[in-house]
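Read through the structure below, which is laid out as structure tokens, and then see the notes.
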Protein chains: 2
Amino acid sequence: MTATAADQPGTRSQRARAHALGVASRLFYENGVRAVGMEQIVDASGIAKTTIYRHFPTKDALIEAFLEKEDREFWSQWDAVVAPAASPIARIDALCDWIGDRVRRDNYRGCPQLNVAAEFADAGHPARRVARRHKDEMHRRLSDLCRQAGVDDATIVAMQIALLFDGAFASDGRLKPFDAGALLRSAVHRLLQPPA
Amino acid sequence: MTATAADQPGTRSQRARAHALGVASRLFYENGVRAVGMEQIVDASGIAKTTIYRHFPTKDALIEAFLEKEDREFWSQWDAVVAPAASPIARIDALCDWIGDRVRRDNYRGCPQLNVAAEFADAGHPARRVARRHKDEMHRRLSDLCRQAGVDDATIVAMQIALLFDGAFASDGRLKPFDAGALLRSAVHRLLQPPA
DNA sequence: TGACAACGATACCGATCGGTGTCATTTCGT
DNA sequence: ACGAAATGACACCGATCGGTATCGTTGTCA
């Protein structure tokens with residue numbers, strides 16, 4: 001028995017919403033949000049257009065929900081990656097390896113938050129706001145890690161690491177010839193060192 | 001006398017092509033390529049749709065030409081930034097300041113190559129190929145600079161710096177509270193140091 | 001078992017998409 | 001001054017866009 005849409009948790013309404021959002025998220029990530037039409041989501045999910053619009057008032061709202069879902073899943077994985085590590089440095093190393101693996105996957109298409117930000121010019125767009133919050137949260141967490149690692153100017157170093165990570169997210173397969181995890185770890189270690 | 005479309009160099013045909021491409025490039029960069037319709041380019045440029053399609057067979061070709069234009073202008077500025085600097089380190093510092101300034105501009109909307117790559121899923125898309133070549137060229141130039149600076153593993157360090165730069169390009173205004181040039185310079189200096 | 005809520009299906013809306021055909025006008029080289 | 005070439009204006013194409021209205025069906029809970 002493959003686990004299809006049936007006997008998932010929640011009411012039927014919640015299941016329909018979750019399934020529609022799940023399929024939409026996959027299509028959005030794989031193809032870009034602007035390239036995916038609502039009709040396509042209907043066909044791929046089997047959820048009627050009427051039902052989708054009952055749960056999400058506009059396509060923009062669906063995109064926003066997509067980014068919020070990605071945000072939750074990202075931090076959930078982040079927490080899982082960080083948990084087993086004993087020291088702040090070990091936590092950062094684990095994050096580097098995690099990102100390195102992720103970025104080299106075959107169907108990796110970049111950070112959804114950055115991709116959507118690239119697609120919408122208006123910085124006030126609800127999806128852009130989600131993306132902005134996501135990146136602010138990343139900087140906040142990295143700042144904490146830097147402080148725990150005894151770094152003086154944690155805010156600045158955290159931003160430098162954040163830029164490095166975002167660059168890796170946007171690397172578009174260029175990291176495939178490298179040991180991406182090791183490359184990121186060595187870079188971060190140098191950034192954490194006090195200046196010579 | 002403001003310099004309008006008239007008395008620019010080249011034949012009338014070349015002028016029409018250049019003007020259409022210029023206006024299209026501005027609109028593409030400001031709004032994202034998928035958000036801009038051909039009709040909009042016609043209205044903003046005053047060039048007839050027929051004429052545009054005589055110079056660019058498809059919208060995709062126009063987007064490709066846009067990225068090639070951005071590529072040429074980018075390296076032209078890069079060369080101008082690097083030229084006056086005496087040492088390899090000074091050249092890299094100058095690049096950091098240049099990128100730092102660029103990234104903090106009010107209407108800065110990220111790297112056009114990365115933005116377009118985010119909009120098209122197909123890695124074989126002609127525009128994606130231009131973007132890929134652009135980023136490869138960046139890595140090549142940074143590798144040369146690293147070697148000139150006496151770095152051992154220049155290929156790896158150059159990639160680390162490239163990631164940092166791409167992260168800055170994608171920073172979406174988050175570098176505004178910082179001295180972006182100084183932040184990039186300090187990061188690059190640490191990356192250029194041999195490991196402790 | 002009955003009533004209400006949410007579902008799916010379908011047809012439809014005006015607007016816009018990328019792209020083409022036609023044809024009169026304008027530029028430009030000789 | 002003339003002919004070739006490229007221009008601009010405009011009408012038009014089928015397809016698709018995001019979104020809505022209608023209505024019969026299905027699940028759910030009292």
Side-chain angles (χ1 to χ4, degrees), chain A residues 4-25 27-28 30-67 116 119-122 125-127, chain B residues 4-25 27-28 30-67 116 119-122 125-127:
Chain A
T4 51
D7 43 66
Q8 229 89 17
T11 69
R12 184 171 61 136
S13 174
Q14 289 169 334
R15 266 182 279 134
R17 188 196 138 102
H19 183 232
L21 178 55
V23 170
S25 297
L27 292 174
F28 282 158
E30 288 176 358
N31 303 103
V33 291
R34 282 201 125 106
V36 176
M38 296 299 290
E39 219 103 31
Q40 192 179 344
I41 298 172
V42 170
D43 293 342
S45 66
I47 308 292
K49 194 191 269 196
T50 327
T51 303
I52 297 181
Y53 274 98
R54 223 173 264 126
H55 287 289
F56 307 96
T58 62
K59 186 189 180 184
D60 280 350
L62 182 56
I63 295 169
E64 186 186 357
F66 155 55
L67 286 196
V116 169
E119 292 211 59
F120 291 107
D122 178 15
H125 189 291
Chain B
T4 52
D7 42 66
Q8 229 89 19
T11 69
R12 181 171 65 138
S13 174
Q14 288 170 333
R15 266 181 280 135
R17 189 195 138 102
H19 184 230
L21 178 55
V23 170
S25 297
L27 292 174
F28 281 158
E30 288 175 358
N31 304 103
V33 292
R34 280 200 128 105
V36 176
M38 296 300 290
E39 218 102 31
Q40 192 179 343
I41 299 172
V42 170
D43 293 342
S45 66
I47 309 291
K49 194 190 270 195
T50 328
T51 304
I52 297 181
Y53 273 98
R54 221 172 266 126
H55 286 290
F56 308 95
T58 62
K59 186 189 180 184
D60 279 350
L62 182 57
I63 294 169
E64 186 186 358
F66 155 55
L67 285 196
V116 170
E119 292 210 59
F120 291 107
D122 177 15
H125 189 291

For [X] and [N], what is the distance between atoms [atom1] and [atom2] respectively, to the nearest whole Å?
X: B/Ile41; N: C/dG19; atom1: CD1; atom2: C1'; result: 13 Å
X: A/Arg17; N: C/dC7; atom1: CZ; atom2: P; result: 11 Å
X: A/His55; N: C/dA5; atom1: NE2; atom2: P; result: 15 Å
X: A/Glu64; N: D/dG18; atom1: CD; atom2: P; result: 17 Å

So which protein N/O to nucleotides 9-17 of chain C N/O distances come out below 3.5 Å?
{"residue": "C/dA9", "atom": "N6", "partner": "A/Thr50", "partner atom": "OG1", "Å": "2.8"}

Heavy-atom side-chain contact between A/Glu64 and A/Phe56 under 4.5 Å: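 SC-SC contact between A/Glu64 and A/Phe56 ruled out.
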
Side-chain touch B/Val116/B/Phe28, heavy atoms, less than 4.5 angstrom: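 With C-beta onward as the side chain, the pair stays apart.
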
Inter-residue atom distance B/Phe66.CZ - B/Asp60.CG, 0.5 Å rounding: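 One finds 13.5 Å between CZ of B/Phe66 and CG of B/Asp60.
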
Between OH on residue A/Tyr53 and CG on residue A/Leu62, distance to nearest 0.5 Å: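 One gets 8.5 Å once the value is rounded to the nearest 0.5 Å.
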
side-chain contact (heavy atoms from CB on, under 4.5 Å) assessment of A/Leu21 paired with A/His55: CA-CA 10 Å; A/Leu21 178 55; A/His55 287 289; over 6 Å; no

What side-chain donor-acceptor pairs closer than 3.5 Å can you find for residues 39-52 of chain B, not counting sequence neighbours?
{"residue": "B/Glu39", "atom": "OE1", "partner": "B/Lys49", "partner atom": "NZ", "Å": "3.4"}
{"residue": "B/Ser45", "atom": "OG", "partner": "B/Ile41", "partner atom": "O", "Å": "2.7"}
{"residue": "B/Ser45", "atom": "OG", "partner": "B/Ile47", "partner atom": "N", "Å": "3.1"}

A/Arg34 side chain to A/Glu119 backbone, donor-acceptor under 3.5 Å: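 Confirmed, A/Arg34 side chain pairs with A/Glu119 backbone.
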
Donor-acceptor under 3.5 Å (A/Lys59 side chain, A/Gly37 main chain):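 Judged by distance alone, no pair lies under 3.5 Å.
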
Between the first and last five pairs of the helix from C/dT1-D/dA30 to C/dT30-D/dA1, the angle of the axes, rounded to 10 degrees: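 Result, rounded to 10 degrees: 30°.
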
5' precedence on DNA chain D between A/Tyr53 and B/Ile52 (nearest-nucleotide basis):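 Closest to the 5' end, via its nearest nucleotide, is B/Ile52.
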
